[in-house]
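Some notes on the structure that comes next.
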2 protein chains.
Amino acid sequence: MKNTDKPAVTLQCAPVAPYLPDTRGQAFTRPGSGQCMKRHSILDAAARTFCRDGFTGTSIDLIAAEAGVSRQTIYNHYRDKEMLFGAVVDAVMERTNAALFAILATFPEKSDNLEADLALFATRLGKNCMCNSDGEFLRKLIQAEGERYPELFQIWRENGPAKVGSAIAARLARLAHGGALDIDDPDLAARQFLALVTADMNFCGMQGEKPTEKQIETSALNGVRTFLRAFAIRKASSARADMALSRSSA
Amino acid sequence: MKNTDKPAVTLQCAPVAPYLPDTRGQAFTRPGSGQCMKRHSILDAAARTFCRDGFTGTSIDLIAAEAGVSRQTIYNHYRDKEMLFGAVVDAVMERTNAALFAILATFPEKSDNLEADLALFATRLGKNCMCNSDGEFLRKLIQAEGERYPELFQIWRENGPAKVGSAIAARLARLAHGGALDIDDPDLAARQFLALVTADMNFCGMQGEKPTEKQIETSALNGVRTFLRAFAIRKASSARADMALSRSSA
DNA sequence: GTCAATTTAGACACTATTGTCTAAATCGTC
DNA sequence: GACGATTTAGACAATAGTGTCTAAATTGAC
């Protein structure tokens, strides 16, 4: 059984030409050279450090040390700290977006075994999008620096959660049209779906920390169950039996 | 009609004695004197500034300017930046806790008109606890500095959301026992209740910003409706009619 | 091995911030 | 108005960070 497959999106190197700054002020890189490694490890270390210590709390020297390069190398690739930060944000958003659409493609089409299928979908979403390092980065940094650098995250605000929401809404509407769900407002239902499957993560004393894989799975299943209690259409034949059953353990 | 009453908790001045540092390193203050005002405006400005710019991004000079006092006055009251930060966190947590319990007391007891009552309760919670300035402070700062200063927020992690959760769980269990709700796991239901009534706030492109009052109300009502769809026990007599009705608009 | 590109370590000027210290000004109470 | 407590503005040393510059070392392709 292949489990929640991680859409491994690795960073591509920008093409050719030495020291020509692109839109973000970073120099292009000959692919395959050591430069690519360096740049990757810089972006990686910067993401980790910015996420841990915030923008102002992070020093270039710290990033350099953590990336295993000299400070000057960072300045060779990125004009200044803000440009580096922008590049990190871009990279993380691109990765997360790619993961997002890969996962959206796995949304269940058939309505048999809906609980298990939706739970698997929600688990994938949690593990590879909302609760991994990239998700943590976006969550923390948007909270912390979103107001100071509105233009940086505007793209994400518009394309990130909103797009997941409407994408899930469309797929929920499809299930509703197929007779499996009873949904008035698909957009609202999508938001509530996302809220429910992450419910356990936000209110159990572990604010702002990454949940474990187990916690993600449990939260997803719990959320899907309640979501289906609210929106699933029970078969008319066994409606009374279902209701009696579901009420029995109260 | 008195609307969502705000439990106005104002900061009390610590008693007596000049320049004796208390546990947080802050000097006590003669109540009623100008000192109290100063200290209050320092804490106030510090909360705003820390929330806006983060701990490292905030300078004492900025706080002093925003509070309308000299920098030295701040150092007279608080030993250093960390102590000031700790005092702010304490004050915000105390205020939020007080608001929390005031609001918890308004949780509906009777099960007639449950939707409206729960929506009002959730609205109060949003407006006076989770989405006001104090809520924003705790949310942002725990995300940003929670890992760096674990001991500061540990109290909140244990006493804040967890306590709301179990308090609401107890009240939901009571409603369930009274026959209004069908709930297996009250703690889970409480977390999902909180997640649902704040669902609209997190996934509509406005991450990390304070929602408007209108948004809070709408989100609360939407969330409560779905919560009740999942957990309310429909009267047996009108069950079929209810189900037909709720499905009619899909 | 050569050569150009790249990286490195270190020095550097500059700015910002912290926390201390002082002497003068202000406040509040009697 | 006197007096003690408090606040204030400013100077101050110490530290940390940014971004630039250099010369030497390293890399990688041919």
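Hydrogens, waters and symmetry mates play no part in the numbers below; they use all other heavy atoms, side chains included. Just so it is clear: chains get the letters A, B, ... in the order the sequence lines come, proteins before strands, and each one is counted from 1.
Look at CD1 on B:I74: it is 15 Å from C1' on D:dT6, rounded to the nearest Å. Spacing between atom CG of B:L62 and atom C1' of C:dT17 amounts to 12 Å, rounded to whole angstrom units. If you measure from atom CZ of B:R79 to atom C1' of C:dG19, you get 12 Å, rounded to the nearest angstrom. B:F55 has its CZ atom 14 Å from the P atom of C:dT17, to the nearest Å. What separates NZ of A:K81 from C1' of D:dG17 is a distance of 8 Å, to the nearest Å. B:Q72 has its CD atom 17 Å from the P atom of C:dA25, to the nearest Å. Atom OH of A:Y75 and atom C1' of D:dT22 are 17 Å apart (whole Å). In this structure, the CD1 atom of B:I60 is 9 Å from the C1' atom of C:dT17, given to the nearest Å.
Here the side chains of B:F85 and B:E145 are in contact, with some heavy-atom distance below 4.5 Å.
Phosphate contact (OP1/OP2 of C:dT8, side-chain N/O of A:K38, threshold under 4.0 Å): present. Contact annotation: A:H77 does not reach the phosphate of C:dT6 (side-chain N/O to OP1 or OP2, under 4.0 Å). Under 4.0 angstrom from either OP1 or OP2 of C:dT8 there lies at least one side-chain N or O belonging to A:T73.
In this structure, the nucleotide among D:dG17, C:dG19, C:dG10 sitting nearest to the side chain of B:D80 is C:dG19. Among the nucleotides D:dT8, C:dG19, C:dT8, the one closest to any side-chain atom of B:N76 is D:dT8.
In this structure, A:E136 does not pair ionically with A:R52, as no charged nitrogen and carboxylate oxygen lie closer than 4.0 Å. Comment: B:D187 does not engage B:R191 in a salt bridge, judged by the lack of any side-chain N to carboxylate O separation of less than 4.0 angstrom.
If you check the side chains of A:S133 and A:K210, you find a donor sitting under 3.5 Å from an acceptor.
Within the nucleic acid shown, A:T56 has no heavy atom closer than 4.0 Å to any nucleic acid atom.
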